[in-house]
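Heads up: the structure comes next, in structure tokens.
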Amino acid sequence: MSPFDELEQVRADALDALTACTTLPALAAWEKQYLGRKGQLTRLTRAVGTLPKEERPTFGKRANAIKQELTAAHEARLAQVKQEALSKDLAQGAVDVTLPGRPVALGHLHLTTQTLRQLYAIFAQMGFEVYEAPDVELEAYNFDLLNIPAYHPARDMWDTFWVRDEPHSEARRLLRTHTSPGQIRAMRERAPQPLRVILPGKVYRYEQITTRSEHQFYQVEGLAVGRTITMTDLIGTMHQFAELFYGAGRKIRVRSSYFPFTEPSIEIDTDCILCGGKGCSVCKYTGWLEIAGAGMVHPVVLQNGGYDPAEWSGFAFGLGVERPAMMKYGVKDIRYFYGNDLRFLRQF
Ligand code: DAH
């Protein structure tokens, strides 16, 4: 038989055999026998090399056409056999279509996201809009424009991860160490209009990971700029926040502090949510928990943002997100927030 005749023979045999296939295993065996890597058609196609040169294209073309025809026929037969099997199962009651479906496993929001949303809602009530700034930040925004020049000792406090692609560039980039650089971005976009924003987001530090500190965590920064803003506005805002987040009747305490981008700078504590100020292990027997760093926006920073400090003033604050959640829900180890352990996450 010539290879051409053989080809036609294989085609005819295959089509005959296919109609005889009535089960899935039979169909799989058929596929292997005719179309498989070592199947009859493949073997024949390889014989193309033994033909005279001028016959090869015709042979190849025909072999391909048959391969396509057989593949299509196999698919059609497969669908048919499956359909028949299903109808048979249904007729015999093997598939109980009245069984209830499997429940869809619904996820829920991460504790960090829940906390962020609580903070958005609280500050929205006080007229703050959410303003998003980038995680990968210019050195100038993270430091210089916030009144932290290269030689400033405060830089040690905020060592971080640098982007390595431009070592000699003027515009060096880093993973922001705090959400404060967003202050400059918001001011530059809005000046000279009054503004009230919160800047939520992740921040990064080159930090030893312990039960109390991670190298990545969230902050929510607040910034209000206007013509008549004073320290009492800041303290009132913080008191309102403490009551809405930690519960009615919370007291706050203001301590003086230092930040390069505020003057004067303060730190704000709330009476311990666990012992109410009596002293316990959560507040380390002081009766107080630190909740925010804050202050009046430094004139240099206002100026860098495009506001004339002779006419404008503002306050700013920086809140943690994981720490407040830890206090509120009694979480002992910050590493749980990034551990992806469902036994932890499902509790909230
Ligand atoms: N950026 C500070 C930090 O990461 C927190 C902070 C303190 C933000 C005082 C402020 C502020 O806006 O006024 O430690």
Side-chain angles (χ1 to χ4, degrees), residues 119 123 126 128 130-135 137-149 152-161 174-188 195-207 212-226 229-239 241-242 252-270 289-302 304-305 307 309 312-324 334:
L119 297 176
F123 286 103
M126 293 189 260
F128 287 80
V130 173
Y131 189 101
E132 283 190 292
D135 287 30
E137 188 51 281
L138 291 167
E139 176 181 24
Y141 281 79
N142 196 81
F143 292 125
D144 305 73
L145 294 168
L146 290 171
N147 214 15
I148 316 172
H152 199 288
R155 286 222 181 185
D156 294 347
M157 220 159 63
W158 288 299
D159 199 2
T160 186
F161 304 96
L174 45 73
L175 296 182
R176 62 175 172 193
T177 60
H178 49 181
T179 43
S180 305
Q183 288 190 28
I184 302 287
R185 291 183 179 272
M187 283 193 284
R188 288 191 170 178
L195 70 82
R196 216 181 294 177
V197 292
I198 53 169
L199 306 135
K202 220 181 215 181
V203 303
Y204 308 82
R205 292 189 191 169
Y206 183 64
E207 187 105 50
R212 293 192 38 86
S213 47
E214 260 285 1
H215 69 276
Q216 54 176 349
F217 53 96
Y218 278 86
Q219 286 187 335
V220 171
E221 186 94 6
L223 172 68
V225 179
I229 289 189
T230 65
M231 187 70 117
T232 42
D233 297 316
L234 170 59
I235 294 171
T237 304
M238 290 292 96
H239 190 202
F241 157 71
I252 62 164
R253 175 175 81 164
V254 174
R255 285 178 288 122
S256 71
S257 183
Y258 171 77
F259 298 102
F261 32 86
T262 44
E263 181 58 38
S265 304
I266 57 173
E267 265 167 77
I268 296 160
D269 302 336
T270 180
L289 296 169
E290 185 187 320
I291 57 171
M296 299 307 291
V297 182
H298 196 289
V300 167
V301 174
L302 276 176
N304 289 338
Y307 292 86
W312 297 86
S313 60
F315 69 70
F317 57 85
L319 302 168
V321 176
E322 289 90 349
R323 288 257 177 90
I334 197 171

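Predicted model, so just to flag it, every value in this text is computed and none were measured. Order of listing sets the numbers, starting from 1, for every ligand and every atom in it.
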So is [X] polar-close to ligand 1, meaning N/O to N/O under 3.5 Å?
X	value
S180	yes
Q183	yes
A316	yes

Measure the distance from atom 5 (C) of ligand 1 to every protein heavy atom, then report the residue, atom name and distance (to 0.1 Å) of the closest one.
->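 Here the closest protein heavy atom is G318 CA, 4.2 Å.
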Result of checking K202, E221, E137 against T179 for side chain to side chain donor-acceptor pair (under 3.5 Å) =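 So the option named by the test is E221.
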In terms of atom number and element, which parts of ligand 1 are under 4.0 angstrom from non-hydrogen atoms of [X]?
X	value
Q219	3 (C), 4 (O)
T262	13 (O)
G295	13 (O)

Smallest separation among heavy atoms of G182 and A133, with atom names |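 The pair with the smallest heavy-atom distance is CA-CB, 3.8 Å.
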For L146 and Y141 the tightest heavy-atom approach is CD1-O, 3.4 Å
Contact partition for F315 relative to ligand 1, non-hydrogen atoms under 4.0 Å |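 Within the 4.0 Å criterion, F315 makes no contact with ligand 1.
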Please confirm whether H178 and F261 have ring centers closer than 6.0 angstrom.
->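 Ring centroids of H178 and F261 are less than 6.0 Å from each other.
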Answer yes or no for R205: is there a heavy-atom contact with ligand 1 below 4.0 Å?
-> yes
